[in-house]
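Have a look at the structure that comes next, please.
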Amino acid sequence: MWANEQALAAGLILLTGGIVAVAGQFKNWEFAAYAIAAGALICLLEYPRGKRKKGTTMERCGQQCMTSVVKAFGPLTRNYYIRSILLAGMAVPGGFLLATVLGTVCLGIASLIYLLAAIYGEEWRPLEARRQEKPRAAETIKRPPENPPPRPPVDARKKQADEVPVGGGRDNPITVTDEV
């Protein structure tokens, strides 16, 4: 998960640095053109999040179409060893231009994180979207409250229900007199 976030950010930084260098017509702008293409490819590869072994994973907006593209490449994109080598190789040309150095460093860090994840036996698994039905209001409300707030404790409610006379009224414990 960390490598995915790091690589996505690195791809965006590399893309941005490449655009700045090409627009500014820097010396060796060819490396910047490469950085634009590499950054875009990295962003497309890293956009879909993989499924965690434990817990839940939040899906990115619009991830489903990109997940099918990443799944189509099979072990090339699923294996973290291959991703690590691919990202490290894509980072090298960006190091020759100042505008893309930051993206290159971030990409190198992402490559190391992927290598560490691969050593621990992790691999990318597609995140299948689960459809959760929202519970209906009628099903969630078991029984609405009968007494207005503040409500007495549950034990007191049971006692009060037992004490109610058959006619439905309650006896006033305080005697009311009509003295003027």
Side-chain angles (χ1 to χ4, degrees), residues 1-137 139-141:
M1 188 67 82
W2 289 359
N4 178 262
E5 298 292 332
Q6 179 72 24
L8 182 62
L12 290 170
I13 294 168
L14 197 63
L15 180 70
T16 305
I19 291 171
V20 166
V22 168
Q25 296 179 345
F26 286 18
K27 188 177 180 182
N28 295 332
W29 64 270
E30 296 85 8
F31 289 115
Y34 164 79
I36 292 172
L41 180 66
I42 291 167
C43 288
L44 292 176
L45 175 68
E46 296 295 335
Y47 187 72
R49 283 188 177 138
K51 185 178 180 181
R52 289 181 171 178
K53 286 184 180 180
K54 296 179 183 177
T56 58
T57 306
M58 290 294 294
E59 183 179 18
R60 286 193 176 110
C61 182
Q63 172 178 331
Q64 294 171 349
C65 61
M66 288 308 302
T67 300
S68 61
V69 171
V70 173
K71 279 194 317 188
F73 285 104
L76 255 164
T77 55
R78 184 171 291 136
N79 190 338
Y80 284 165
Y81 282 115
I82 295 174
R83 274 197 188 195
S84 175
I85 293 168
L86 179 70
L87 292 179
M90 292 176 86
V92 171
F96 295 113
L97 191 60
L98 185 61
T100 57
V101 167
L102 181 61
T104 299
V105 171
C106 292
L107 209 52
I109 293 169
S111 174
L112 290 175
I113 298 171
Y114 267 130
L115 181 63
L116 189 65
I119 289 170
Y120 281 111
E122 296 181 30
E123 74 172 12
W124 187 85
R125 292 180 314 229
L127 180 64
E128 307 296 333
R130 291 183 290 177
R131 301 283 181 200
Q132 293 181 351
E133 293 184 20
K134 294 182 180 177
R136 295 181 189 159
E139 294 173 0
T140 58
I141 299 174

Donor-acceptor contacts under 3.5 Å from residues 83-91 side chains, at least two apart:
unit_1: R83; atom_1: NE; unit_2: T77; atom_2: O; d: 2.7
unit_1: R83; atom_1: NH1; unit_2: E46; atom_2: OE1; d: 3.3
unit_1: R83; atom_1: NH1; unit_2: E46; atom_2: OE2; d: 3.4
unit_1: R83; atom_1: NH1; unit_2: Y114; atom_2: OH; d: 2.9
unit_1: R83; atom_1: NH2; unit_2: T77; atom_2: O; d: 3.2
unit_1: S84; atom_1: OG; unit_2: S111; atom_2: O; d: 2.9
unit_1: S84; atom_1: OG; unit_2: S111; atom_2: OG; d: 3.2

Quiz item: Which residues satisfy the salt bridge (Lys or Arg N to Asp or Glu O under 4.0 Å) test with E122, sequence neighbours excluded?
Solution: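 E122: no salt bridge (Lys or Arg N to Asp or Glu O under 4.0 Å) contacts found.
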Quiz item: Counting only heavy atoms not in L98, do more than 12 sit closer than 6.0 Å to its CG atom?
Solution: no
Quiz item: What's the spacing between F31 CZ and T100 OG1 if we round to 0.5 Å?
Solution: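 F31 CZ to T100 OG1: 9.0 Å, rounded to 0.5 Å.
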Quiz item: How long is the gap from OH on Y80 to CG on L116, to the nearest 0.5 Å?
Solution: 12.0 Å
Practice problem: Name all residues meeting the side chain to side chain contact (heavy atoms under 4.5 Å, CB included) criterion together with I119; count only those two or more places apart in sequence or in a different chain, and write none if there are none. | Solution: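 Counting only residues at least two positions away or on another chain, I119 forms a side chain to side chain contact (heavy atoms under 4.5 Å, CB included) with Y81, L115.
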Quiz item: Under the side-chain hydrogen bond (donor to acceptor under 3.5 Å, both in side chains) rule, what pairs show up with a residue in residues 22-36, not counting sequence neighbours?
Solution: none
Distance-only donor-acceptor hits, side chain of residues 8-20, under 3.5 Å, sequence neighbours excluded:
unit_1: T16; atom_1: OG1; unit_2: L12; atom_2: O; d: 2.8

Practice problem: Specify the closest pair of heavy atoms between I42 and A7, including all atoms of both residues, with the distance to one decimal. | Solution: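 Scanning both residues, the minimum pair turns out to be CG2-O, 3.4 Å.
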Quiz item: How would you list all residue pairs meeting salt bridge (Lys or Arg N to Asp or Glu O under 4.0 Å) that involve residues 4-20, not counting sequence neighbours?
Solution: E5-R49, E5-R60
Quiz item: What are the two closest heavy atoms between V22 and A33, and how far apart are they?
Solution: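 Heavy atoms of V22 and A33 come nearest at CG2-N, 3.8 Å.
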